[in-house]
Every structure is written in C-alpha cells, then in structure tokens.
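Values below: every heavy atom of this structure, side chains too, minus hydrogens, waters and symmetry copies. Here, residue 1 is the first one in the sequence, and each next residue gets the next number.
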Amino acid sequence: MWVGFPSHAEIWEDDLAPAQAEAAAFVRALAGQGGENVKLMVRGQTARSAAESRLEGVAGVEIVEAEFGDVWLRDTGPIFTAHGEAAAFAFNGWGGKYILPGDDAVADTISCGGSLKRFSFVLEGGALDHDGEGTVLTTRQCLLNPNRNLGWRQGDAEQALGEALGARKVLWLDQGLMNDHTDGHVDNLARFVAPGVVACPLSLGEDDPNAAVYDAVAQALSAMTDAAGRQIDVARIPSPGRIMGDDHRVQPASHMNFVIANQAVIAPIYNPNTGAWLAQALEALFPGRTVLTLNSRALLTGGGSFHCITQQEPA
C-alpha cells in the first residue's frame, strides 16, 4: 500500500504536524493489524526525518523519498489492473483548481519502472470505485465535468473506462458532497464492500448538509444492477453529520473514505464519539477483517482522508 506523507509546510501550514501525526497513525495500523507492506512517499529530508521519528520501530514500512505535489496518491498515482499492469492517466489538478509541481511524476514513482500504460484522458482514482468483477461506480458531477474531459458524454466515459480498466458496466450517480473540491469523487459518497453490495451514508442529525444527496444515492443504487446482473444491495452507514472548518464552511467529511487492507478496514472519524458505532456498522459488512477507526480531522483540512492518500499495488 502506497501512502502519501504530508510534506509541504507551505501547503499544510499549521496543520502540517497534526496531519503528519494522523498519517503516521494510519500507517502503523496498515502495517500492523492491516497486514500490509507500506511504501510511504515523502518529499525532502525534513519530511523524511519527521516520518522516521514518528514510525521508529514499525516493521513493514519503507520510506520512499520522491517528488510529488501533495499527498493525494489515489488521484495522482496509477491504477493497477488484475493483470499487474499499471494504468496512468492525465491529471489536471481536479479541473485546474490545484496545479502542483511533481504530481505528474507520481505514476512513474509508484510503477517503479514496471509496465505503465498511459491514457490521454483526465481521470483521478478517487472518481471511481469498483467491485473487482467489471462494475465501476462513479458520479456524473466529476466524470462528465467539462473541466476534466471537454465534451464527454456517458458513452464516451464508458468506452474509455472499458478500454483502460476493463469496465463492463458503469453505475452512474449524480452529485457528490457539498464543498468537495474534487467535484464529487465517489470514494466520499458510495463504496463497494462486496460484489453486488454498496455502502452509502445515512444522514446524521437534522442539519446534515448532505442528507438529500445521501437519500438520492441510496434510491438510485437500489434500482441498479451490476455487470453480472445482480440487484445492488444498499447498506446505509451513518454519516459524520455537519463538520465545520475553521473558515466556517461545511467540510466534505465522509466515513466512506475507508481503506480495505489485507486484514483490516481502516475508517476515518472526525469526532471521537462516533468511532464505536461506525466500527459496529462496518464490522457487519466486513466479517473477515478487523475494523479500526482513526482520527482524520487534520487530513480533512487538505480536502481528503485515508483512501485519498493511498494507492494499492498488488504483490
């Protein structure tokens, strides 16, 4: 599992140290109960030293010093296929919002000189979720946004995903979370937990800013079938509710940004009081794995969480 380590003081400012602490706790969980070999990508000697001091004595972690714009390896890195090849895509800073030097080098770093097939269209890994059997889940807000691939319609996207990733059927949702700078990445909205089973949030509290979006997602999914013809079984997971930032704006906090590791599922929380019931909900969906919940409030200030800072590489 590749993980991005917060390394840029000019980007993270006062949140750098707290974000590094959260990333390190996540890496310890991945390499421990998660049963993963972790490659932690850092930029510069200062970040390397911070990572080494926070992860001293942790087995199964390799620190890789490399150039990257920021930690969101899910979006800037390649996507590995079932055949062990890596597919790399154009990246334009989430529709031109954040163009950072070094992000265009991440795919080469992660592929480590292996087979890397490049595609010219813009795609971020967080815009997709898949069942491993040919069904892909995404949102129109992101994939059909003219700030990614101008002129794309659903048929164009489906053809491209079929050619690049072997997608046999694409399930289309509409809108993502409020104030999500990714324009509605599906990994904050709905996730496959097994073939034919998709988890999506259930609003928490009367002031949940995404309540209508969550209900629309659940209703849409319940009417869909996957590539194998199975009716989608929808599992509702309580959302974090209204999470506000220091700028007094609603943040795109999501429990859907969990990571499925070899032996564990690691999910973000933004309020320590929600960890127990979130774990209980996920344990019912992942009976063969330990469920861990870890704080991700500082990482959220950068716009994402655990799934966003990772990219899995098959052994």
Side-chain angles (χ1 to χ4, degrees), residues 4 8 10-12 67-79 86-108 110 117-130 136-165 167 170-191 200 209-210 212-214 216-217 220 245 247 249-254 256-257 299-305 307-311:
H8 301 70
E10 69 276 16
I11 294 175
W12 290 91
E67 288 297 317
F68 61 92
D70 204 1
V71 295
W72 316 114
L73 306 189
R74 178 67 50 179
D75 296 339
T76 57
I79 297 175
F89 305 91
F91 177 72
N92 72 347
W94 303 280
K97 299 179 188 71
Y98 304 99
I99 306 296
L100 300 173
D103 275 339
D104 58 356
V106 172
D108 287 304
I110 290 180
K117 189 172 184 179
R118 295 188 179 276
F119 295 87
S120 60
F121 61 90
V122 175
L123 180 70
E124 304 107 37
L128 308 177
D129 201 58
H130 52 85
V136 169
L137 188 63
T138 191
T139 67
R140 295 182 180 91
Q141 182 188 2
C142 182
L143 228 61
L144 303 185
N145 198 311
N147 66 11
R148 302 308 207 274
N149 299 288
L150 186 62
W152 257 24
R153 298 185 178 182
Q154 284 190 189
D156 302 311
E158 289 170 357
Q159 181 178 351
L161 294 177
E163 293 173 354
L165 299 172
V170 179
L171 306 184
W172 291 93
L173 302 174
D174 284 323
Q175 299 293 310
L177 301 190
M178 178 185 292
N179 296 335
D180 185 349
H181 72 263
T182 68
D183 300 312
H185 272 190
V186 80
D187 69 348
N188 263 345
L189 186 64
R191 300 282 305 281
C200 70
N210 294 294
V213 170
Y214 297 152
V217 166
D247 57 359
R249 298 180 75 234
V250 171
Q251 292 188 294
S254 177
M256 294 297 98
N257 215 256
L299 286 170
L300 181 62
T301 65
S305 187
H307 193 253
C308 300
I309 68 171
T310 61
Q311 186 57 269

Kindly give the heavy-atom pair with the smallest separation between [X] and [Y], and that separation in Å.
| X | Y | result |
| --- | --- | --- |
| L173 | A220 | CD2-CB, 4.1 Å |
| V122 | E124 | CG1-OE2, 3.9 Å |
| A127 | C142 | CB-SG, 3.8 Å |
| A253 | L177 | O-CD1, 3.8 Å |
| L144 | A157 | CD2-CB, 4.2 Å |
| A164 | F121 | CB-CZ, 4.1 Å |

Any residue meeting salt bridge (Lys or Arg N to Asp or Glu O under 4.0 Å) with [X], in chain and number order, not counting sequence neighbours:
| X | result |
| --- | --- |
| D103 | none |
| R191 | D129 |
| D174 | R140 |
| E67 | R43 |

Legend entry - Q251: side chain to side chain donor-acceptor pair (under 3.5 Å) partners, not counting sequence neighbours: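 For Q251, no residue satisfies side chain to side chain donor-acceptor pair (under 3.5 Å) once neighbours in sequence are set aside.
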Check whether [X] reaches the backbone of [Y] with its side chain - one donor and one acceptor, N or O, closer than 3.5 Å.
| X | Y | result |
| --- | --- | --- |
| T76 | V106 | no |
| N257 | C308 | yes |
| R74 | G126 | no |

For [X] and [Y], does a side-chain donor sit closer than 3.5 Å to a side-chain acceptor?
| X | Y | value |
| --- | --- | --- |
| Q311 | W72 | no |
| W94 | D75 | yes |
| D183 | N147 | yes |

Inset, instruction - Would you mind reporting whether T139 and L189 have side-chain heavy atoms less than 4.5 Å apart? - result: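 Counting from C-beta outward, L189 and T139 do come under 4.5 Å.
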Inset, instruction - Any chance you could measure L161, atom CG, to I79, atom CD1, to the nearest 0.5 Å? - result: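 Here the rounded value is 8.5 Å.
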Inset, instruction - Have a look at D156 and tell me which of E158, Q154, R153 forms a side chain to side chain contact (heavy atoms under 4.5 Å, CB included) with it. - result: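 Looking at E158, Q154, R153, the match for D156 under the side chain to side chain contact (heavy atoms under 4.5 Å, CB included) is R153.
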Inset, instruction - Check the surroundings of atom NZ in K117: do more than 12 heavy atoms from other residues, nucleotides or ligands lie under 6.0 Å from it? - result: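 Count not over threshold, so no.
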Inset, instruction - With sequence neighbours excluded, tell me which residues meet side chain to side chain contact (heavy atoms under 4.5 Å, CB included) with I11. - result: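 In terms of side chain to side chain contact (heavy atoms under 4.5 Å, CB included), with neighbours along the sequence ignored, I11 is linked to H8, D70, L100.
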